[in-house]
Number of protein chains: 2
Amino acid sequence: MKKILLVEDDPNLGLLLQDYLQLKGKFEVVLCKDGEEGLRAFTKQPFDLLILDVMMPRKDGFTLGKEIRKINEHVPIIFATAKGMIEDKTQAFNLGGDDYITKPFRIEELLLRINALLKRASSADKSEEEKQTHFKIGRYDFDYTAQMISAGDFHQKLSTKEAELLRLLCLRKNEVLTREEALLNIWHDDNYFNGRSMDVFLSKIRKYLKDDQNVEIINVHGRGYKLLIN
Amino acid sequence: MKKILLVEDDPNLGLLLQDYLQLKGKFEVVLCKDGEEGLRAFTKQPFDLLILDVMMPRKDGFTLGKEIRKINEHVPIIFATAKGMIEDKTQAFNLGGDDYITKPFRIEELLLRINALLKRASSADKSEEEKQTHFKIGRYDFDYTAQMISAGDFHQKLSTKEAELLRLLCLRKNEVLTREEALLNIWHDDNYFNGRSMDVFLSKIRKYLKDDQNVEIINVHGRGYKLLIN
DNA sequence: CGCCCGATTTAACAATTTTTAACATATCGC
DNA sequence: GCGATATGTTAAAAATTGTTAAATCGGGCG
């Protein structure tokens, strides 16, 4: 669960945002009522994203942002600013891949930006291997994004779960993909029923790949599966 | 190159403006001589900006503007009005971020406002990613502001919701646009009926794009949609 | 006002995807 | 080999999505 630091001096707005982001956004939100408090919170625990009100007593949002940048170069920041304050000041920050939003704003709009920034941040630190979307499986080509297996003019569309499972197998090809890893990755919960569901998908995927004798998904009893190629 | 629709009944002024804007402004300018003709042109092809004379026979500029706003919420409009006509009437429009200019005006003044509006439309207070208004979708061009899909001389007008949904898909192309994100963004409320409504729009958009085999909107079961290009 | 029109929503039904259930088979420790 | 557990396969049930048509809404116009 992602953790957000929200620094906003207006308690009405602050609490509203906190509630909304916790409920709708499924985030853990720490609320601070001024810049000083915000800085203390930031030094004490890690956050995935910061939302800083610009107009605040004691320490304004831009100042706080600059201080935080000295401690952490990468954490994404969203500045909430009144109209007109934008042009000059934000320039300093826009380089860092941060964002700003002008008050008043729709709360859905804020959620959108949060997700966009978090996504950008997380895709940046994904390992090369996890970005791979095309796989060669014997004589088949598997396009994870398009959810499609092809071989010559043969095309087989895959459902989302089929594609996700096959992708994990490919990433671990010739090694064991544990049932637990697959379940946590795709179903986000390792329980009996999800396990049985996965078995059904394994069965389907094997059917799709049955025409190439050099491709096989074998079971490693009690541990998981291995995609063997050649 | 930006495309402007100019609706002006005085042929002298109309041709003069058209020439000037094409030469100095580097715009493509379509000239219509009354409101009816203007509305027809607007529904047939995409425009980045409209200049409407207010005093016109058959259908005046304000009426035309209102009708156009019904079909398209976003395209920027400049009204050319005689002195004194301004205060009351324009109020209805000023909300939409439109502009007006009083006749007689210096032509440089008009050019200035055009550029200001175009810039505002594209940069307002939005984050980098959200500024984009033109998208290439396979062999189609999608103009979000004009709410129009084009390919060669084929033009398909989109409703507001259609355009917003397609825009979100474009912003996330080849990635998942979650149902929740789309619903919060466009409907501002994620519930069963809005979800079903969205499904209907998806279906429509797929029809518009069906003639390019390289373009596909696939479902990611339980999560959302992916716009695949190539 | 009542009518028309297009945009959107609601409803109905079809198709697809995923889960659950049922039963068959395999593996392991003993 | 035997019982317990794990896996393979198929089919039915449940949930989600696709599509089409009808109902509704709201603005313009006579």
Side-chain angles (χ1 to χ4, degrees), chain A residues 147-148 156-166 169 176-180 182-183 186-210 216-226, chain B residues 35-36 39-40 42-44 58-60 62-74 92-93 96 147-148 156-166 169 176-180 182-183 186-210 216-226:
Chain A
Q147 299 182 187
M148 181 88 76
Q156 173 64 56
K157 209 163 150 359
L158 300 185
S159 82
T160 304
K161 286 250 183 333
E162 289 164 359
E164 288 180 315
L165 184 51
L166 184 51
L169 286 164
V176 177
L177 168 69
T178 64
R179 291 177 70 84
E180 192 194 14
L183 286 167
I186 301 174
W187 279 265
H188 311 294
D189 182 22
D190 172 357
N191 65 38
Y192 173 77
F193 287 112
N194 287 340
R196 291 327 321 270
S197 196
M198 182 165 87
D199 292 336
V200 175
F201 284 104
L202 250 308
S203 183
K204 287 182 182 174
I205 291 174
R206 281 181 174 131
K207 270 190 198 166
Y208 297 144
L209 300 176
K210 71 174 155 39
E216 202 182 357
I217 298 172
I218 65 165
N219 172 251
V220 180
H221 194 92
R223 297 233 298 135
Y225 296 89
K226 233 195 267 197
Chain B
E36 309 251 334
L39 185 58
R40 272 199 302 281
F42 179 77
T43 57
K44 295 242 173 63
R58 282 155 67 76
K59 190 189 295 263
D60 74 280
F62 282 129
T63 306
L64 176 58
K66 265 195 276 184
E67 291 181 9
I68 284 174
R69 268 283 165 274
K70 244 198 335 184
I71 354 184
N72 184 313
E73 288 187 41
H74 307 292
F93 284 96
Q147 296 182 190
M148 189 86 69
Q156 172 64 55
K157 196 162 74 68
L158 300 184
S159 79
T160 302
K161 286 241 178 352
E162 289 165 356
E164 294 189 329
L165 183 51
L166 184 51
L169 285 164
V176 179
L177 168 70
T178 64
R179 290 177 72 84
E180 193 193 18
L183 286 168
I186 302 175
W187 280 266
H188 311 297
D189 182 22
D190 171 357
N191 65 39
Y192 173 77
F193 287 111
N194 287 340
R196 289 331 316 272
S197 195
M198 182 164 87
D199 291 336
V200 174
F201 283 103
L202 249 308
S203 186
K204 288 181 184 174
I205 291 175
R206 281 182 173 130
K207 269 190 200 166
Y208 296 145
L209 300 176
K210 71 174 154 39
E216 201 184 356
I217 299 173
I218 67 167
N219 171 249
V220 179
H221 196 96
R223 297 228 298 134
Y225 296 89
K226 253 195 272 196

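All values below come from the heavy atoms of this structure, side chains included, with hydrogens, waters and symmetry mates left out. As the structure is a prediction and not an experimental result, all values here were calculated from the model.
By the side chain to side chain donor-acceptor pair (under 3.5 Å) test, B:Glu67 pairs with B:Lys59, sequence neighbours left out. Shown here are the side-chain contact (heavy atoms from CB on, under 4.5 Å) partners of B:Glu216, two or more places apart in sequence or in another chain: A:Lys157, B:Ile218, B:Leu228. Shown here are the side-chain contact (heavy atoms from CB on, under 4.5 Å) partners of B:Ser159, two or more places apart in sequence or in another chain: B:Lys161, B:Glu162, B:Phe201. Applying the side-chain contact (heavy atoms from CB on, under 4.5 Å) test to A:Val220 and every residue at least two apart in sequence or in another chain returns A:Val176, A:Arg223, A:Lys226. With sequence neighbours excluded, the residues satisfying salt bridge (charged side-chain N to carboxylate O under 4.0 Å, His left out) with B:Asp199 are B:Arg179, B:Arg196. With sequence neighbours excluded, the residues satisfying side-chain contact (heavy atoms from CB on, under 4.5 Å) with A:His221 are A:Asn219.
One interatomic measurement links the two molecules: CD of A:Gln156 to P of C:dT16, which rounds to 12 Å at whole-angstrom precision. If you take CG of B:Asn72 and C1' of C:dA7, they are 13 Å apart, rounded to a whole angstrom. In this structure, CG of B:Asn219 is placed 14 Å from C1' of D:dT19, rounded to the nearest angstrom. Rounded to whole angstrom, the span from the CG atom of B:Leu39 across to the P atom of D:dG27 amounts to 17 Å. Between B:Glu73 atom CD and C:dG6 atom C1' there is a gap of 14 Å when expressed in whole angstrom units. Atom OH in A:Tyr192 sits about 11 Å away from atom P in D:dT7, given to the nearest Å. Between B:Arg206 atom CZ and C:dA15 atom P there is a gap of 16 Å when expressed in whole angstrom units. Taking atom CD1 of B:Ile217 as the reference point, atom C1' of D:dG18 lies 12 Å away to the nearest angstrom.
When heavy atoms are screened at a 4.0 angstrom cut-off, B:Tyr225 is found touching the sugar-phosphate backbone but no base atom. As judged by a 4.0 angstrom heavy-atom cut-off over every strand, A:Asp199 is placed among the base-contacting residues. At the heavy-atom level, B:Leu202 lies nowhere under 4.0 Å from the strands shown.
Note that CG of B:Leu158 and CD1 of B:Ile71 are 12.0 Å apart. Values are rounded to the nearest 0.5 Å. Going from atom CD1 of B:Ile186 over to atom CG of B:Asn194 covers 10.5 Å, rounded to the nearest 0.5 Å.
Smallest separation of non-hydrogen atoms from A:Ala182 and A:Leu165: CB-CD1, 4.3 Å.
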Between the protein and nucleotides 18-24 of chain C, which nitrogen or oxygen pairs are less than 3.5 angstrom apart?
unit_1: C:dT18; atom_1: OP1; unit_2: A:Lys161; atom_2: N; d: 3.1
unit_1: C:dT18; atom_1: OP2; unit_2: A:Ser159; atom_2: OG; d: 2.1
unit_1: C:dT19; atom_1: OP1; unit_2: A:Trp187; atom_2: NE1; d: 3.2
unit_1: C:dT19; atom_1: OP2; unit_2: A:Trp187; atom_2: NE1; d: 2.9
unit_1: C:dT19; atom_1: OP2; unit_2: A:Ser197; atom_2: OG; d: 2.8

Show the distances under 3.5 angstrom between N or O atoms of the protein and N or O atoms of nucleotides 28-30 of chain D.
unit_1: D:dC29; atom_1: OP1; unit_2: B:Glu67; atom_2: OE2; d: 2.6

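Listed by first then second residue, pairs satisfying salt bridge (Lys or Arg N to Asp or Glu O under 4.0 Å) with a partner in residues 200-209 of chain B number zero, not counting sequence neighbours.
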Apply side-chain contact (heavy atoms from CB on, under 4.5 Å) to B:Asn72 and B:Phe42, showing your working.
CA-CA 10 Å; B:Asn72 184 313; B:Phe42 179 77; 3.7 Å; yes

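Axis angle, first five pairs versus last five pairs of the helix from C:dC1-D:dG30 to C:dC30-D:dG1: 20°, rounded to 10°.
Remark: A:Arg179 is in phosphate contact with D:dT7, judged by side-chain N or O atoms under 4.0 Å from OP1 or OP2. Between A:Lys207 and the phosphate of D:dT9, there is no side-chain N or O to OP1/OP2 separation shorter than 4.0 Å.
The backbone N or O of A:Asp190 lies less than 3.5 Å from no partner atom in the side chain of A:Glu180, so there is not a single donor-acceptor pair.
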